[in-house]
Amino acid sequence: MAEPTYEELKARLADLEKEGRRRRTGELEFKVGEKGGVSVYGLGRFPVTLYYEQWIRLLDTSQTCGHFSKRTRPPAS
């Protein structure tokens with residue numbers, strides 16, 4: 001494997017810096033994997049990956065999830 005050139009390294013560094021800035025803004029990013037799973041980046045340290053059927057099931061219960069999270073939220077200190 002050949003060593004990358006200085007220009008290639010600079011370009012890669014610029015790409016990584018853009019990616020890092022985007023993730024620090026709290027913006028969510030979606031990617032589709034080879035096997036069809038959709039990953040959400042930006043929610044936490046690791047991506048959340050679900051398949052189509054799982055997304056449909058989760059989104060169908062979004063109202064229930066919202067009510068549950070409001071009921072179980074710890075009181076503000």
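Just the heavy atoms: all of them, side chains too, but no hydrogens, waters or symmetry mates, feed the values below. Please read these numbers as outputs of a predicted model, since none were measured by experiment.
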Apart from L59 itself, its cluster of hydrophobic side chains linked below 4.5 Å comprises none
Between L9 and P4, which heavy-atom pair has the shortest distance, and what is it?
-> CD2-CG, 3.7 Å
Identify whether L58 and F30 are in the same connected component of the hydrophobic contact network (ILVMFWY, side-chain heavy atoms under 4.5 Å).
-> yes
Please tabulate, one pair per line, all N/O donor-acceptor pairs under 3.5 Å involving side-chain atoms of residues 44-56, not counting sequence neighbours.
unit_1 : atom_1 : unit_2 : atom_2 : d
T49    : OG1    : S39    : OG     : 2.6
Q54    : OE1    : Y51    : N      : 2.7
W55    : NE1    : V38    : O      : 3.3
W55    : NE1    : L50    : O      : 3.0

Run the side-chain donor-acceptor check on residues 63-70: report pairs under 3.5 Å with partners two or more places apart or on a different chain.
unit_1 : atom_1 : unit_2 : atom_2 : d
S69    : OG     : C65    : O      : 3.3
S69    : OG     : G66    : O      : 3.0

